[in-house]
Amino acid sequence: MFFSFDKLFTKVLIKTDDPKELSLSDKDLLVIYSDRLHTVVGNPRVRKLFKSINIDDDMQQVVFDLKEPLNDGMDIDFVINVLSTGMLIEWLQPKVDSIKHTSVMIGGKDERKIVDNYKPMIERLENLKSELAKLIRDHGSVNNRYLSGN
């Protein structure tokens, strides 16, 4: 099965609100998103879901074969959901890391104030990581033929 980058990247764009990225050219945005996509697919937990997965940058497609497929439509939706969640984590992680490192450099009362202002962003990152882990876990347990007795 396969789907286009556009389908995946549109889902990611809907969930982000980064004016800096939205001001980039389509070409630059494609490079950034492709890099994040490759990083997510390199995650061992994500990789383990697939018999095979190939990111074709030239054709701008993701071609995959799940270990535990259901049907084409549901599988594509599931993979897009997993990959877009992973890409959101890759987008947010550097921002949170920067805040944490900057606040340490300032120190004192200001440190606490900076971290407090960005607490929702830090919580969102943790929620996204948890959501990704649950998506992978649930897919494996719900669709496992061995566990269901089929």
Side-chain angles (χ1 to χ4, degrees), residues 1-104 114-115 117-150:
M1 282 177 277
F2 71 93
F3 57 87
S4 69
F5 280 9
D6 285 341
K7 195 169 183 178
L8 173 62
F9 295 169
T10 299
K11 182 149 182 149
V12 174
L13 277 170
I14 290 169
K15 294 182 178 183
T16 59
D17 57 351
D18 191 339
K20 290 179 187 175
E21 281 192 6
L22 295 176
S23 68
L24 296 173
S25 71
D26 289 344
K27 187 177 179 179
D28 291 338
L29 202 54
L30 178 65
V31 170
I32 291 169
Y33 276 26
S34 295
D35 182 57
R36 288 180 187 152
L37 176 58
H38 283 276
T39 302
V40 172
V41 170
N43 180 325
R45 287 185 172 173
V46 172
R47 186 67 116 173
K48 193 173 181 175
L49 292 168
F50 302 94
K51 287 180 187 174
S52 67
I53 184 166
N54 182 34
I55 301 168
D56 188 339
D57 290 318
D58 295 329
M59 296 294 291
Q60 295 186 3
Q61 291 180 336
V62 177
V63 181
F64 68 95
D65 187 18
L66 282 172
K67 285 184 180 176
E68 298 292 337
L70 294 175
N71 67 48
D72 290 356
M74 291 175 75
D75 290 346
I76 289 171
D77 289 344
F78 170 72
V79 172
I80 288 174
N81 201 10
V82 167
L83 296 179
S84 65
T85 302
M87 289 176 68
L88 287 170
I89 292 168
E90 292 301 318
W91 164 71
L92 196 53
Q93 185 70 57
K95 295 177 183 323
V96 169
D97 289 346
S98 175
I99 292 164
K100 287 181 177 178
H101 294 302
T102 303
S103 67
V104 170
I114 289 173
V115 173
N117 289 342
Y118 288 99
K119 202 168 194 91
M121 184 186 295
I122 295 167
E123 289 171 357
R124 182 173 183 210
L125 177 62
E126 292 306 314
N127 288 338
L128 285 169
K129 288 179 178 181
S130 177
E131 179 183 335
L132 181 61
K134 288 176 184 177
L135 279 170
I136 293 169
R137 178 202 64 203
D138 292 349
H139 182 78
S141 63
V142 171
N143 301 312
N144 189 318
R145 290 185 181 104
Y146 177 76
L147 294 175
S148 66
N150 293 334

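Just so it is clear, the values below take in all heavy atoms, side chains as well, and ignore hydrogens, waters and symmetry mates.
Put simply, CD1 on I76 and CG on L66 are 10.0 Å apart, with the number rounded to the nearest 0.5 Å. From N54, atom CG reaches atom CG of D57 across 9.0 Å, with rounding to the nearest 0.5 Å. Distance check, rounded to the nearest 0.5 Å: NZ of K95 to CD1 of I122 gives 13.5 Å. The CG atom of L30 sits 11.0 Å away from the CG atom of D35 when rounded to the nearest 0.5 Å. For the atom pair CD1 of I32 and CG of L37, the computed distance is 13.5 Å after rounding to the nearest 0.5 Å. Separation of atoms CZ (R45) and CG (L132) is listed at 8.5 Å; rounding is to 0.5 Å.
Not counting sequence neighbours, E131 has no partner by the side-chain hydrogen bond (donor to acceptor under 3.5 Å, both in side chains) test. Under the side-chain hydrogen bond (donor to acceptor under 3.5 Å, both in side chains) criterion, D6 pairs with no residue, sequence neighbours left out. Under the side-chain hydrogen bond (donor to acceptor under 3.5 Å, both in side chains) criterion, S52 pairs with no residue, sequence neighbours left out. In terms of the side-chain hydrogen bond (donor to acceptor under 3.5 Å, both in side chains) criterion, residue partners of D28 (sequence neighbours excluded) are, by chain and number, S25.
Between K67 and K51 the shortest heavy-atom distance is CG-N, 3.7 Å. Closest approach of F78 and L135 over heavy atoms only: CE1-O, 3.7 Å. Contact record, E21 with L29: O-CD1, 3.6 Å, taken as the closest heavy-atom pair.
M1 places none of its side-chain heavy atoms less than 4.5 Å from the side chain of V63.
Remark: the backbone N or O of E68 is paired with a side-chain donor or acceptor of H139 at under 3.5 angstrom.
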Could you please spell out the steps behind the side chain to side chain contact (heavy atoms under 4.5 Å, CB included) verdict for T39 and N43? CA-CA 7 Å; T39 302; N43 180 325; over 6 Å; no
Evaluate side chain to side chain contact (heavy atoms under 4.5 Å, CB included) for L24 paired with K20, printing each intermediate quantity in order. CA-CA 7 Å; L24 296 173; K20 290 179 187 175; over 6 Å; no
For L49 and F64, what are the C-alpha separation, side-chain angles and deciding distance, and is it a side chain to side chain contact (heavy atoms under 4.5 Å, CB included)? CA-CA 10 Å; L49 292 168; F64 68 95; over 6 Å; no
Stepwise, does the side chain to side chain contact (heavy atoms under 4.5 Å, CB included) test hold for M59 with F2? CA-CA 11 Å; M59 296 294 291; F2 71 93; over 6 Å; no
Tabulate below the donor-acceptor pairs under 3.5 Å that side-chain atoms of residues 79-90 make, not counting sequence neighbours, or state none.
unit_1	atom_1	unit_2	atom_2	d
S84	OG	I80	O	2.9
S84	OG	N81	O	3.2
T85	OG1	N81	O	2.8

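The local environment of NZ in K15 is crowded, with over 12 non-hydrogen atoms from other residues, nucleotides or ligands closer than 6.0 Å. Summarising the local packing, CG of D26 is surrounded by 12 or fewer heavy atoms from other residues, nucleotides or ligands at distances under 6.0 Å.
If you check the side chains of E123 and N127, you find no donor sitting under 3.5 Å from an acceptor.
The stretch residues 6-36 participates, sequence neighbours left out, in these ring-ring contact (aromatic ring centres under 6.0 Å, His included) pairs: F5-F9, F9-Y33.
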